Structures are given as C-alpha cells and as structure tokens.
Amino acid sequence: PAFFMENARKSSIVSRANSIGSTSASSVPNTDDEDSDYHQEPYKESYKDRRRRAHTQAEQKRRDAIKKGYDDLQAIVPTCEQQDFSIGSQKLSKAIVLQKTIDYIQFLHKEKKKQEEEVSTLRKDVMALKIMKVNYEQIVKAHQDNPNEGKNQVSDEVKFSVFQGIMDSLFQSFNASISVTSFQELSACVFSWIEEHCKPQTLRDIVIGVLHQVKSQLY
C-alpha cells in the first residue's frame, strides 16, 4: 500500500507540473514570433529612413536648382543688378526678380521690333539708292557716247520749271506736315517730314513726275 500511495503522489505531482507548465507556456508569447517581429521591425524602419532620406535629397536638389535659376536671372538681367532704393541693400525677393525679368524681356521684344522696322527702312533706302545709281550710270554712259547730243538745248527757264515743280511738290507735303505752334514742334515736325518725304525713292518719283510734266508742256 505504501508503494502505491507513493506512485500516486508522484503522478499527481507530475500532472500538476504538466498543467502548470502548459498554462505557463500558453501565457508566454511565442519566442519565434518575437524573433520574427524583432527582425522585421528594423527592416521597415530602415526602408522608411531610406525613403525619407531620398525624398530629402530630391527636395534639396530641387531647391538648389531653383536658387541657381534665380541667381542666373539676377546675373543676366541688367535691371536686377541696378540698385533699387525702395528696398535699400536688402536682397531681391523672387517675386521682384521675376517681375524685373518679365519687364526686361518685354523691353527686348520692343527693341527687336524697332530694329526690324529700321532694317526694313534701310533696305528700302538701299534699293532706292541702287536704282538711282543705275540711272546715273546710264545717263553718264549716254553722255560719254554722244558728248554733243543735247548740248545747250535746255534753257534756264526749263531748268527753273523743273526746280519749281520739285519744290512745289515738296512744299505741299511740307505745309501739310509742319506745325509752327512752337519751335520745339517745328523742329520735331521738320525731322519727321525729312524722314518721311525726302527719301531717295520719294524724291526720285517726284523728279520723274515733274520731268514728265515739263516734257508734255514742251512737246
């Protein structure tokens, strides 16, 4: 009987130990899961850090590129280098740099258009001078071939008629264009009239018209 009682007591102790052990084991988290979470968590943090660092670097590059662009504009646009007394010695803001750049571009467009108009006018003047040159060369050649032809056939009266016709034509445009309200307006109008009505092509057309008119009167 003592032997059986001792075995029963040992079995009870082992059973209780197993029960306690299973209970304790069920209450303790899985160490494998802990190890797995422990290894995964630093990986996630490292990935986030890399993304954050890449984003920071990209943002810094973008800001550096924008800053360089504004610095280049200030170096290129002359008005950005001029002292602005309204802001003193303060650094120009981005808005002011952009506005000055826009104003300068608009100024360049106007200057380009003005130069194109001047070039077009000069080309017309050059063409008129070439025509007059050819006509003078033809007149000189004709005179050299027949030096006595037409000699002493044009009277002073005819010369004066030609001169009078040219002056009358010019005076009409002069009288219509000139203002004599003040000396300043007179000066401005005279230069404007010369540029408009005294071009080589215009004078050539006037002379040809007067010569045709005098020729019709003589013949």
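As the structure is a computational prediction, the values presented were derived from the model and not from experiment.
Put simply, CD1 on Ile166 and CG on Leu203 are 8.5 Å apart, with the number rounded to the nearest 0.5 Å. With values rounded to the nearest 0.5 angstrom, Thr101 atom OG1 is found 8.5 Å from Ile76 atom CD1. With values rounded to the nearest 0.5 angstrom, Lys133 atom NZ is found 11.0 Å from Asn135 atom CG. Considering CE of Met167 and CZ of Phe160, their distance stands at 10.5 Å, rounded to 0.5 Å.
Looking at residues two or more places apart in sequence or on another chain, you find a side chain to side chain donor-acceptor pair (under 3.5 Å) between Asp103 and Gln99. A search for side-chain contact (heavy atoms from CB on, under 4.5 Å) contacts involving Ser169 returns Ile206, not counting sequence neighbours. Every residue was checked against the salt bridge (Lys or Arg N to Asp or Glu O under 4.0 Å) condition with Lys94, not counting sequence neighbours, and none meets it. Partners of Asp205 according to the side chain to side chain donor-acceptor pair (under 3.5 Å) rule, which considers only residues two or more places apart in sequence or in another chain, are Gln201. Legend: residues meeting side chain to side chain donor-acceptor pair (under 3.5 Å) with Gln213, ordered by chain and number and at least two apart, are absent. Taking Lys124 as the reference, nothing meets the side chain to side chain donor-acceptor pair (under 3.5 Å) condition, with sequence neighbours excluded.
Pairs engaging residues 111-120 under the side-chain hydrogen bond (donor to acceptor under 3.5 Å, both in side chains) rule: none recorded [sequence neighbours left out]. Residue pairs meeting the ring pair (Phe, Tyr, Trp, His ring centres under 6.0 Å) criterion with at least one member in residues 170-189, sequence neighbours excluded: Phe174-Trp193. Each ring pair (Phe, Tyr, Trp, His ring centres under 6.0 Å) pair with one or both residues in residues 95-127, not counting sequence neighbours, would appear here, but there are none.
Electrostatic pairing of Glu137 and Lys141 does not count as a salt bridge here, judged by no charged N lying under 4.0 Å from a carboxylate O.
When only modelled atom types and interatomic distance are considered, Arg50 and Ser46 share a side-chain donor-acceptor pair under 3.5 Å.
Looking at every heavy atom in both residues, Glu196 comes nearest to Thr202 through O-OG1, 4.1 Å.
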Please report, to 0.1 Å, the donor-acceptor pairs under 3.5 Å made by any side chain of residues 63-71, with sequence neighbours excluded.
| from | atom 1 | to | atom 2 | distance (Å) |
| --- | --- | --- | --- | --- |
| Arg63 | NE | Glu59 | OE2 | 3.2 |
| Asp64 | OD1 | Gln60 | NE2 | 3.0 |
| Lys67 | NZ | Asp71 | OD2 | 3.1 |
| Lys68 | NZ | Asp72 | OD2 | 3.0 |

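Put simply, the side chain of Val210 does not reach to within 4.5 Å of the side chain of Asp168, judged on heavy atoms. Contact check for Leu92 versus Cys80: side-chain heavy atoms found under the 4.5 Å cut-off. When side chains are defined from C-beta on, Ser177 counts as touching His197, because their heavy atoms get closer than 4.5 Å.
Under a 4.5 Å side-chain heavy-atom criterion applied to ILVMFWY residues, the cluster that includes Met132 comprises Tyr136, Ile139 as well. Grouped with Ile131 in one hydrophobic cluster are Met127, the linkage being side-chain heavy-atom contacts under 4.5 Å among Ile, Leu, Val, Met, Phe, Trp and Tyr residues.
Of the candidates Val126, Val119, Asp125, Arg123 forms a side-chain contact (heavy atoms from CB on, under 4.5 Å) with just one, namely Val119.
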